[in-house]
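Everything below concerns the one structure shown next.
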Amino acid sequence: MRKIKYPRIEKKDRTLYVTGDAQDWTYQYTWEDLEESFNDSSTDAHAMRNIVFKKVRTYFKDHPEEALSGGRFKEGWTAEEVKRLCENSICC
């Protein structure tokens with residue numbers, strides 16, 4: 001079975017990802033990808049940044065429990081809240 005490589009976005013603050021497989025791609029999105037998806041977006045819905053952010057949020061809409069392993073989602077969030085946040089923020 002072939003694994004899917006998911007694209008990542010360079011962090012706005014230019015720090016490196018410490019989770020996942022690589023800086024440009026990963027086999028599984030992590031809480032860092034979800035946090036980054038809320039840090040910045042372009043006003044252009046077709047911008048690569050927004051396309052990847054949509055993929056990240058769709059991933060976590062389907063796998064919300066995976067966001068709870070770190071970052072701001074680790075404490076005080078439930079899988080249901082993460083799922084709802086992602087559902088409400090996916091557009092177009």
Side-chain angles (χ1 to χ4, degrees):
M1 183 168 136
R2 265 182 69 196
K3 288 186 174 183
I4 297 171
K5 283 186 174 181
Y6 295 105
R8 289 181 124 173
I9 283 290
E10 182 179 342
K11 288 186 168 189
K12 185 178 179 182
D13 64 4
R14 304 250 190 250
T15 60
L16 298 178
Y17 286 98
V18 296
T19 60
D21 301 292
Q23 298 302 307
D24 299 2
W25 60 270
T26 187
Y27 287 121
Q28 178 178 337
Y29 283 127
T30 69
W31 61 267
E32 274 188 293
D33 296 288
L34 185 57
E35 281 196 349
E36 188 60 27
S37 80
F38 288 104
N39 281 343
D40 180 42
S41 60
S42 169
T43 55
D44 178 5
H46 301 292
M48 185 53 135
R49 216 171 162 76
N50 285 348
I51 291 168
V52 174
F53 288 169
K54 182 178 177 183
K55 289 178 187 223
V56 169
R57 292 174 190 169
T58 299
Y59 179 88
F60 281 103
K61 180 182 74 108
D62 297 335
H63 306 93
E65 65 287 343
E66 293 180 20
L68 304 177
S69 64
R72 68 175 129 175
F73 301 105
K74 185 177 184 176
E75 296 180 24
W77 284 77
T78 65
E80 192 56 41
E81 290 171 325
V82 171
K83 181 178 180 175
R84 205 168 30 252
L85 173 70
C86 292
E87 285 174 340
N88 293 338
S89 65
I90 297 172
C91 74
C92 314

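Residues take their numbers from the sequence shown, with the count starting at 1. Owing to the predicted nature of the structure, the values given are computational and were not obtained by experimental measurement.
Rounding to the nearest 0.5 Å places CG of Asp21 at 7.5 Å from CZ of Arg8. Considering NE2 of His63 and OG1 of Thr58, their distance stands at 11.5 Å, rounded to 0.5 Å. Rounding to the nearest 0.5 Å places SG of Cys86 at 5.0 Å from CZ of Phe38.
There is no path of hydrophobic side-chain contacts, each under 4.5 Å, that joins Leu16 to Val56. Neither Val18 nor Ile9 shares a network with the other; the hydrophobic side chains, linked directly or stepwise wherever heavy atoms of I, L, V, M, F, W or Y lie under 4.5 Å apart, form separate groups for each.
Considering only residues two or more places apart in sequence or on other chains, Lys11 meets the side-chain contact (heavy atoms from CB on, under 4.5 Å) condition with Asp13, Thr15, Tyr17, Glu32, Glu36. Among residues two or more places apart in sequence or in another chain, the side-chain contact (heavy atoms from CB on, under 4.5 Å) test is passed with Glu75 by none.
Formation of a donor-acceptor pair under 3.5 Å by the Arg49 side chain with backbone atoms of Glu10 is found in this model. Side-chain atoms of Thr26 do not come within 3.5 Å of backbone N or O of Tyr6 as any donor-acceptor pair.
Looking at heavy atoms from C-beta onward, Arg72 lies out of side-chain contact with Trp31 at the 4.5 angstrom threshold. The shortest distance between side-chain heavy atoms of Thr30 and Asp33 falls below 4.5 Å. Contact check for Ser37 versus Phe60: no side-chain heavy atoms found under the 4.5 Å cut-off. Residues Leu34 and Arg57 form a side-chain contact, since some pair of their non-hydrogen atoms from C-beta on lies under 4.5 Å apart. By the 4.5 Å heavy-atom criterion applied to side chains, Gln28 and Tyr59 are counted as neighbours. Within the 4.5 Å cutoff, side-chain heavy atoms of Lys55 are placed close to those of Tyr29.
Of all heavy-atom pairs between Lys83 and Pro64, the closest is N-CB, 3.8 Å. Closest of all the heavy-atom pairs between Pro7 and Val52 is O-CG1, 3.5 Å.
For Trp25 and Tyr27, the ring centers are positioned less than 6.0 Å apart.
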